[in-house]
Amino acid sequence: MDFALNAEQTTLQGVLREFLSERAGETAVRAQMAEPAGFDRQLWKRMGAEQGLQGLAVPEEYGGAGFTFVELGIVLEEMGRALTVSPFLASAVMAPQLFLALGDTEACERWLPGLASGDTVATVALAEDSGSWESGEVRLAARREGEGWVLDGHKSFVVDGAAADLVLVVARAEDGIGVFAVESSAEGLDRTPLPTMDQTRKLARLTFGGTPATRLVSTDAAAAVERMLDLTRIALAADALGGSGRVLDMSVEYAKVREQFGRPIGSFQAIKHMCANMLVELESSRSAVYYALWAAATGHEDTSVVAPMVKAHCVDAYLSAAGDNIQIHGGIGFTWEHPAHLYLKRAKSSQALLGGSDLHRRIVAERIGI
Amino acid sequence: MDFALNAEQTTLQGVLREFLSERAGETAVRAQMAEPAGFDRQLWKRMGAEQGLQGLAVPEEYGGAGFTFVELGIVLEEMGRALTVSPFLASAVMAPQLFLALGDTEACERWLPGLASGDTVATVALAEDSGSWESGEVRLAARREGEGWVLDGHKSFVVDGAAADLVLVVARAEDGIGVFAVESSAEGLDRTPLPTMDQTRKLARLTFGGTPATRLVSTDAAAAVERMLDLTRIALAADALGGSGRVLDMSVEYAKVREQFGRPIGSFQAIKHMCANMLVELESSRSAVYYALWAAATGHEDTSVVAPMVKAHCVDAYLSAAGDNIQIHGGIGFTWEHPAHLYLKRAKSSQALLGGSDLHRRIVAERIGI
Amino acid sequence: MDLSLSPELADFQEEVRTWLDEHVVGEFARHRGVGFSWDAEAWDLRLAWDRELAAGGWLCMGWPHEYGGRDATVDQQLIFQLEYARADPPFRATTQGQDLFGPTLLHSGTAEQKARFLPPITRVEELWGQGFSEPSNGSDLAGLRTRARRDGDEWVIDGQKVWTSHGGYADWMYVLCRTDPEAPRHKGISMLVVPVDQPGVDVRWIRNSLGGDDFCEVFFNEARTRADLVVGEVNGGWGVAMGALGTERGTTLLAEHLRVQHEVREIIEAAKANGRTPDAALRQDLVQAWTDARIMEWNGRRLMSAIKGGSTTDPTTQASLSKVFASRAHTRIGETAMRAQDAASELVGADYSLNRLQQVFLGTRAESIFGGTTQVQLNVLSERTLGLPREPRPS
Amino acid sequence: MDLSLSPELADFQEEVRTWLDEHVVGEFARHRGVGFSWDAEAWDLRLAWDRELAAGGWLCMGWPHEYGGRDATVDQQLIFQLEYARADPPFRATTQGQDLFGPTLLHSGTAEQKARFLPPITRVEELWGQGFSEPSNGSDLAGLRTRARRDGDEWVIDGQKVWTSHGGYADWMYVLCRTDPEAPRHKGISMLVVPVDQPGVDVRWIRNSLGGDDFCEVFFNEARTRADLVVGEVNGGWGVAMGALGTERGTTLLAEHLRVQHEVREIIEAAKANGRTPDAALRQDLVQAWTDARIMEWNGRRLMSAIKGGSTTDPTTQASLSKVFASRAHTRIGETAMRAQDAASELVGADYSLNRLQQVFLGTRAESIFGGTTQVQLNVLSERTLGLPREPRPS
């Protein structure tokens with residue numbers, strides 16, 4: 001019984017930190033920022049070929065490495081730390097976890113190996129212009145046409161929606177909510193990258209006009225979507241944990257060397273306590289994220305309560321830490337050239353994604369019976 | 001045009017501070033604390049005879065001094081500072097302001113002179129066991145009997161309800177909400193002092209069984225009650241301002257003399273900044289309270305928005321300052337003998353009185369059209 | 001990262017659960033969750049409960065068998081705490097000896113001292129009080145002034161201590177005294193074990209802001225104790241005391257922090273009873289309270305792993321940040337507790353008796369002060385863990 | 001305590017209101033509220049608006065007639081600001097000269113300097129930039145390294161300044177230089193007036209985190225200015241600069257803080273448009289935002305009274321605490337602004353163009369840094385206003 005990463009997991013963390021700092025440092029991040037659908041395809045291939053990251057948590061029978069959500073969380077933490085611009089969240093968390101939650105083995109066999117290898121980039125399209133991530137709010141219509149299905153309507157705030165080769169679309173059919181696979185080349189599919197304040201996480205708007213789609217088989221698609229959302233919430237908390245860790249490191253490093261009034265600013269109690277409070281919050285977030293990852297990995301009944309809880313808590317803590325980091329840096333922290341603002345924006349976009357923290361606390365309230 | 005007390009008002013403030021520190025210091029406060037209906041009748045008489053405080057804001061035609069709500073606010077601030085145990089809020093704010101808002105000149109002529117001189121102690125009974133201060137929630141029933149009215153039901157959380165000679169009861173008659181004057185000797189009136197966590201502010205529960213009462217004439221009693229509540233909200237904010245000022249003074253005095261690690265704790269930035277932040281909040285509360293007092297004094301249309309706003313803001317700031325004061329004092333601040341906890345409790349009871357801060361912000365939201 | 005139980009641990013869990021089910025009955029069941037570190041409420045009942053636990057062999061579980069423990073592993077201790085929290089019996093009374101002095105003696109005492117003092121602690125036969133803080137030094141422990149001088153075979157102690165939890169019940173105290181006034185601040189301090197029942201020791205209760213008795217001040221006026229009742233080296237008491245305040249507090253913190261989940265449940269029940277749960281603003285705070293309580297648990301479990309050595313975080317850091325997080329969160333929870341009760345939050349019982357939620361509101365103010373203020377904890381975290389420069393010494 | 005208007009002030013209010021009604025039209029009306037201290041958005045339009053104000057005689061109202069002012073009273077200035085905020089025209093562009101350098105010169109300049117430099121400021125003919133901060137010294141202004149030495153009739157300046165607002169538009173800069181390297185830190189500093197259009201001055205824009213240009217760095221490489229262009233005494237620049245940062249900022253702060261009420265209204269509108277106002281948690285934050293905005297106004301009005309001398313609070317303290325309250329509150333408001341926009345808060349326009357609420361979220365991060373960090377303000381408040389002991393100097 002250990003509430004800590006084991007030796008293997010710690011090694012994975014170290015390898016990833018080195019890999020990302022070599023292959024996807026700040027210069028690489030900034031190179032992908034300006035382009036609303038940009039991501040580093042070189043890096044993506046290396047992630048797959050050298051590290052096998054995309055398939056880490058995909059079961060071996062579908063071409064993955066069969067590790068658990070804990071290992072996936074370690075990857076997400078490091079990517080949050082490095083602000084990695086890649087469709088990892090969409091294609092290695094959201095899409096495969098939706099496939100797995102639906103339990104359509106045929107679809108898993110058909111698509112998961114491509115996702116696991118990184119050859120296919122996939123995403124899930126759920127929210128629409130209203131910005132709601134509740135499947136009950138879905139309006140995009142699916143109707144039968146001949147043997148298959150066609151989709152009509154739109155999706156928005158689709159994570160990496162402009163770059164994905166495969167889109168899992170949550171749509172409303174006659175018999176209720178269903179999930180439909182649409183390939184990017186499909187007829188009547190139009191994709192517009194949405195310029196975002198956080199330029200490291202790409203969103204897109206998709207329109208569907210009689211677009212042919214394959215319906216994935218499931219006994220309860222809405223429940224599967226909710227399971228996918230819970231896992232994505234935990235993933236975002238892990239990303240926030242990584243970012244929080246990095247901004248604390250930046251603050252501490254700067255506070256040690258920056259001198260004002262003849263002494264390092266890190267010797268002033270105001271700055272010391274700000275950093276120590278960031279540490280308290282960081283490590284408390286770490287406790288929460290690690291527990292949530294373990295719960296997700298083992299299918300613990302707690303997962304559905306813990307997922308919205310840690311999402312709200314950890315992104316809020318991240319936003320606060322990212323703001324404090326700017327304050328500690330002073331003027332330089334307010335400039336475009338300094339990375340401090342990139343973390344503030346990533347924290348903010350993490351807070352908004354899947355719905356804000358108030359909404360997530362409302363979900364917790366319902367799930368614990370308040 | 002001046003956003004500051006004028007010379008006369010500053011003098012009043014000084015005189016009061018001296019009067020209360022001489023006549024109603026901590027020993028006097030503690031003497032009244034243990035008794036759930038206790039208040040210092042000697043002091044009350046002196047307030048009237050020597051300072052004319054009870055009638056300060058009562059119009060001259062009703063035996064008062066005819067000053068404005070600004071002067072009343074100055075008194076309340078000083079009483080909040082000194083934690084004065086007296087029915088001033090009930091008898092010099094709530095009851096007379098309800099008389100004036102109702103506009104029943106006959107009743108004003110009959111009762112206000114006694115309130116203004118301090119010979120009569122009065123209060124307003126509005127909330128019931130539910131704790132709600134909305135007149136729409138009132139259930140206590142008034143019915144005609146012969147020429148007069150009788151009351152049946154209960155009231156709770158009545159400020160100084162056990163000590164009052166005259167109770168203005170908000171009751172539900174056939175034709176809607178009305179205000180009824182009941183003397184303490186009235187038949188069928190039963191009063192139970194309620195022991196409270198904040199022992200400086202006394203509450204009572206009153207039961208009425210066929211109790212004879214005089215109905216006060218008014219075109220819109222509910223509106224008059226709301227006006228009285230708004231003025232009481234501002235009064236509580238002024239009380240909170242006084243308490244906040246005192247806890248900051250206590251903190252600063254202690255931080256200057258208490259030494260740890262070979263230096264006054266007030267030389268540590270953590271303590272300095274805690275005190276400076278208390279100052280920022282104190283003075284911002286002061287700006288808010290002074291504006292609200294002026295708005296109330298001049299009948300400004302802003303009053304109904306500002307009243308719940310400053311109540312919520314200033315008692316929340318008070319509670320936070322009272323907590324910080326304990327922290328700065330360390331262990332001694334946690335003892336019964338030290339006055340720090342008295343301020344924490346007064347802040348908390350001010351927050352609960354008339355409904356919590358969330359409720360007050362909800363009222364603001366409605367009034368500004370959100 | 002693996003929180004699942006081995007078959008052995010699962011058996012142990014079952015054993016604990018069964019014992020608690022069978023023993024948290026009668027008066028003990030009627031006093032679930034009564035008491036806390038900062039109060040002496042229902043003292044006799046809690047003492048009786050401690051003796052019940054002792055009889056079951058559940059106190060001082062990690063200590064060696066020879067001193068009355070059961071050589072339990074850290075994992076077993078953790079499981080016991082989790083089950084204990086689930087059953088919510090009265091709060092233990094005699095934590096001073098079990099959680100603070102005992103572990104210190106185990107670490108730094110002589111064989112004779114251990115044999116003499118540890119078994120009565122495990123059997124709840126002798127109660128202990130801590131003599132560390134003084135009126136002139138709270139956070140700055142090393143500034144203590146109580147002095148002890150040798151007089152033949154005895155130490156003679158003069159001075160005053162304060163904030164001794166439950167000191168009025170103590171049979172013995174472990175007291176930090178300055179034994180070499182010439183040495184630098186940290187170097188002339190010894191930890192002496194002093195019997196309370198003697199003319200030179202005067203213990204007075206301090207009433208706390210809840211209106212209850214918990215802490216004491218203790219006056220030493222030529223108090224005496226045997227020369228060999230020094231824990232650790234003479235003049236080496238500082239290091240011994242730091243050990244007592246350090247990593248040993250894993251289970252103590254955990255017991256306090258797990259208890260909070262019951263409080264939060266009680267807050268939620270209060271809100272429901274007042275019809276306040278539809279209030280979305282309060283709902284947010286209730287969820288925040290629940291989140292905070294869960295994080296306290298997770299921080300505590302990480303601390304236990306750190307104590308086992310199974311974590312990259314060192315236990316001292318983890319204990320310190322757990323404490324800062326918890327005291328801040330618990331204070332927030334206390335405010336939410338009052339709001340959930342609405343107007344009734346003001347009403348107390350006869351003789352100023354407070355309900356549990358009111359106790360939380362007032363009592364949590366002590367948690368950011370005692371055992372090292374939040375400010376001191378933040379200093380330590382920033383300097384020792386983050387490596388930020390120390391503040392300049394006064395010139 | 002009397003906020004009512006005398007008949008004269010009521011007339012003045014009417015005059016201001018009428019003028020604004022007649023002039024905030026066309027492009028100016030279409031750009032209501034555009035711009036802020038920390039950005040150069042719509043610069044040309046704002047410059048045109050400043051010239052419109054100048055033509056109306058509304059700039060530098062408190063200055064003597066001889067320099068282009070109208071000798072307005074503090075009350076008149078306050079009323080102008082309140083009416084200005086109500087009309088919400090574009091944010092003034094040329095505040096550096098009007099609010100910072102001008103008042104400094106009025107206070108410390110020679111008659112010749114005033115006659116030469118003040119009228120072009122009131123007519124928006126010459127723009128100014130501040131040269132105070134340097135890369136190595138932000139909050140610690142007295143640590144500045146830029147040096148000026150006399151060479152015949154001229155000063156020769158070498159060094160680097162940074163965070164010069166709108167520096168790229170400046171014709172002149174007022175620059176703090178070390179003119180006596182041997183003197184103690186605060187004593188060898190002079191304030192020089194330096195023309196920007198010369199080979200020795202190189203101004204470069206710094207892109208801020210909003211993606212916009214606002215601040216500049218300025219490199220002085222043997223830059224030259226006339227010997228008599230010193231404001232105040234040679235080596236007396238510290239006191240002159242402190243004046244510039246001190247009590248003169250009443251109207252500047254007020255203008256910024258009153259603007260926030262429009263932002264809060266816009267936030268409320270955004271929440272309504274998103275159907276989010278039934279959300280009770282957001283409602284609480286919207287009311288908090290409105291409360292904060294009102295308190296900013298009231299703090300600002302108290303500051304104006306303090307400047308008049310009609311308050312027991314000294315203006316420096318009031319300015320400092322207004323700033324701390326406002327920067328903290330404004331940051332909170334920025335976060336509420338994003339939440340009110342919900343998912344759409346992430347979406348920006350072409351070329352990273354941000355809506356006003358997004359600008360508030362990002363831009364407010366500068367407010368607790370520039371013009372003296374919150375930490376420095378809290379130090380000053382605790383030491384000068386509360387009289388707490390200074391921190392010990394490093395030994």
Side-chain angles (χ1 to χ4, degrees), chain A residues 1-6 9-10 68 70 73-74 248 251-252 255-256 262-264 266-269 271-288 290-295 297-298 300 302 305-306 308-310 312-313 357-358 360-365 368-370, chain C residues 1-6 9 74-75 78-79 268 271-272 277 280 282-288 290-292 294-306 308 310-313 317-318 320-322 324-325 328-329 374-375 377-383 385-392:
Chain A
M1 200 170 58
D2 275 305
F3 203 119
L5 301 185
N6 62 29
Q9 290 162 342
T10 307
T68 75
V70 174
I74 292 169
L248 174 56
S251 286
V252 170
K256 284 179 184 169
R263 42 193 271 210
S267 71
F268 287 103
Q269 238 184 9
I271 303 295
K272 289 166 87 144
H273 286 195
M274 210 184 277
C275 289
N277 278 319
M278 285 162 82
L279 176 69
V280 168
E281 292 301 326
L282 169 70
E283 293 303 324
S284 299
S285 285
R286 185 180 307 286
S287 301
Y290 283 10
Y291 179 84
L293 291 172
W294 174 78
T298 56
H300 195 288
D302 231 4
V305 168
V306 162
M309 179 187 282
V310 301
H313 189 86
S357 296
D358 293 350
H360 278 88
R361 279 186 284 264
R362 279 209 298 278
I363 296 172
V364 175
I368 63 175
I370 300 181
Chain C
M1 192 60 215
D2 180 11
L3 302 180
S4 51
L5 298 186
S6 64
L9 284 175
V74 173
D75 282 345
L78 169 60
I79 283 172
I268 292 171
K272 283 183 178 169
T277 43
L282 183 65
R283 282 169 80 86
Q284 293 283 319
D285 292 337
L286 294 174
V287 170
Q288 187 60 58
W290 185 241
T291 307
D292 285 340
R294 293 301 305 269
I295 290 178
M296 284 186 216
E297 174 190 338
W298 299 328
N299 277 343
R301 295 180 73 159
R302 261 180 88 195
L303 172 53
M304 297 301 276
S305 280
K308 271 172 68 179
S311 162
T312 49
T313 321
T317 294
Q318 185 64 44
S320 193
L321 61 87
S322 290
V324 172
F325 181 88
R328 196 173 286 152
T374 294
Q375 285 69 35
Q377 306 283 345
L378 293 175
N379 272 350
V380 171
L381 285 171
S382 63
E383 291 172 7
T385 307
L386 297 177
L388 287 169
R390 296 178 68 85
E391 282 201 275

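Keep in mind that what you see is a predicted model, and the values were worked out from it rather than measured. Below, chain A is the first sequence line, B the second, and so on; all start at residue 1.
- When A:Ala276, A:Cys275, A:Ser287 are compared by the number of non-hydrogen pairs under 4.5 Å with chain C, A:Ser287 comes out ahead.
- Under the 4.5 Å side-chain criterion, counting only non-hydrogen atoms from C-beta, C:Met1 is not in contact with A:Asn6.
- Side-chain atoms of C:Ser4 and A:Thr298, non-hydrogen and from C-beta on, never get closer than 4.5 Å to each other.
- Relative orientation of the C:Phe325 and A:His313 rings is perpendicular, given thresholds of 30° and 60° on the angle between their planes.
- Under the 4.5 Å side-chain criterion, counting only non-hydrogen atoms from C-beta, C:Leu386 is in contact with A:Leu248.
- Chain A forms more heavy-atom pairs under 4.5 Å with one residue of C:Asp2, C:Leu321, C:Leu9 than with any other, namely C:Asp2.
- Comparing A:Pro264, A:Ser285, A:Gly266, A:Ala297 by heavy-atom pairs within less than 4.5 Å of chain C, the highest count is held by A:Gly266.
- Remark: A:Ser357 engages A:Ala312, A:Val315, A:Asp316, A:Gln351, A:Arg361 in a side chain to side chain contact (heavy atoms under 4.5 Å, CB included) (not counting sequence neighbours).
- Using a 4.0 Å cut-off between charged side-chain N and carboxylate O, C:Glu391 and A:Lys272 make no salt bridge.
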- Message: Applying side chain to side chain donor-acceptor pair (under 3.5 Å) to A:Gln269 and C:Asn379, what does each step give before you reach the verdict?
- Response: CA-CA 8 Å; A:Gln269 238 184 9; C:Asn379 272 350; 3.2 Å; yes

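- Interatomic distance, C:Asp292 CG to A:Met309 CE, rounded to the nearest 0.5 Å: 9.5 Å.
- Contact of A:Val70 with chain C is made through the side chain alone, with heavy-atom distances under 4.5 Å.
- For chain C, the option among A:Ile271, A:Asp302, A:Leu293 with the highest count of heavy-atom pairs below 4.5 Å is A:Asp302.
- Atom CE of A:Met1 and atom CE of C:Met304 lie 8.0 Å apart (nearest 0.5 Å).
- Ranked by non-hydrogen atom pairs under 4.5 Å with chain C, the options A:Arg362, A:Met278, A:Arg286, A:Met274 are led by A:Arg286.
- With values rounded to the nearest 0.5 angstrom, C:Arg301 atom CZ is found 6.5 Å from A:Tyr291 atom OH.
- With a threshold of 4.5 angstrom between heavy atoms, C:Ile268 approaches chain A through side-chain atoms but not through N, CA, C or O.
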- Query: Should C:Arg328 and A:Asn277 be marked as a side chain to side chain contact (heavy atoms under 4.5 Å, CB included) after you check the CA-CA gap, both sets of side-chain angles, and the distance that decides it?
  - Reply: CA-CA 11 Å; C:Arg328 196 173 286 152; A:Asn277 278 319; 2.7 Å; yes

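- If you tally non-hydrogen atom pairs under 4.5 Å between each of A:Leu5, A:Thr10, A:Ile370, A:Thr68 and chain C, the highest count goes to A:Ile370.
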- Task: Kindly determine whether C:Val287 and A:His360 satisfy side chain to side chain contact (heavy atoms under 4.5 Å, CB included), including the steps that lead there.
- Result: CA-CA 10 Å; C:Val287 170; A:His360 278 88; over 6 Å; no

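- Per-residue heavy-atom pair counts under 4.5 Å with chain C were compared for A:Ala295, A:Ala288, A:Gly369, and the maximum is reached by A:Ala288.
- Side-chain contact between A:Phe3 and C:Leu78 is absent, with no heavy atoms from C-beta onward closer than 4.5 Å.
- Contact of the C:Thr317 side chain with the A:Glu283 side chain is not registered, since no non-hydrogen atoms from C-beta on lie closer than 4.5 Å.
- With sequence neighbours left out, A:Ala4 forms a side chain to side chain contact (heavy atoms under 4.5 Å, CB included) with C:Ser311.
- Residue C:Gln375 touches chain A through both its backbone and its side chain, counting heavy-atom pairs closer than 4.5 Å.
- The OG atom of C:Ser382 sits 9.5 Å away from the CG atom of A:Leu279 when rounded to the nearest 0.5 Å.
- Going from atom CD1 of C:Ile295 over to atom OG of A:Ser284 covers 6.0 Å, rounded to the nearest 0.5 Å.
- The choice from C:Leu381, C:Thr291, C:Thr374 that makes the most heavy-atom pairs within less than 4.5 Å of chain A is C:Thr291.
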- Task: Start with the C-alpha gap between C:Gln284 and A:Asp358, add the side-chain angles, then the distance that decides, and say whether side chain to side chain contact (heavy atoms under 4.5 Å, CB included) holds.
- Result: CA-CA 7 Å; C:Gln284 293 283 319; A:Asp358 293 350; 3.4 Å; yes

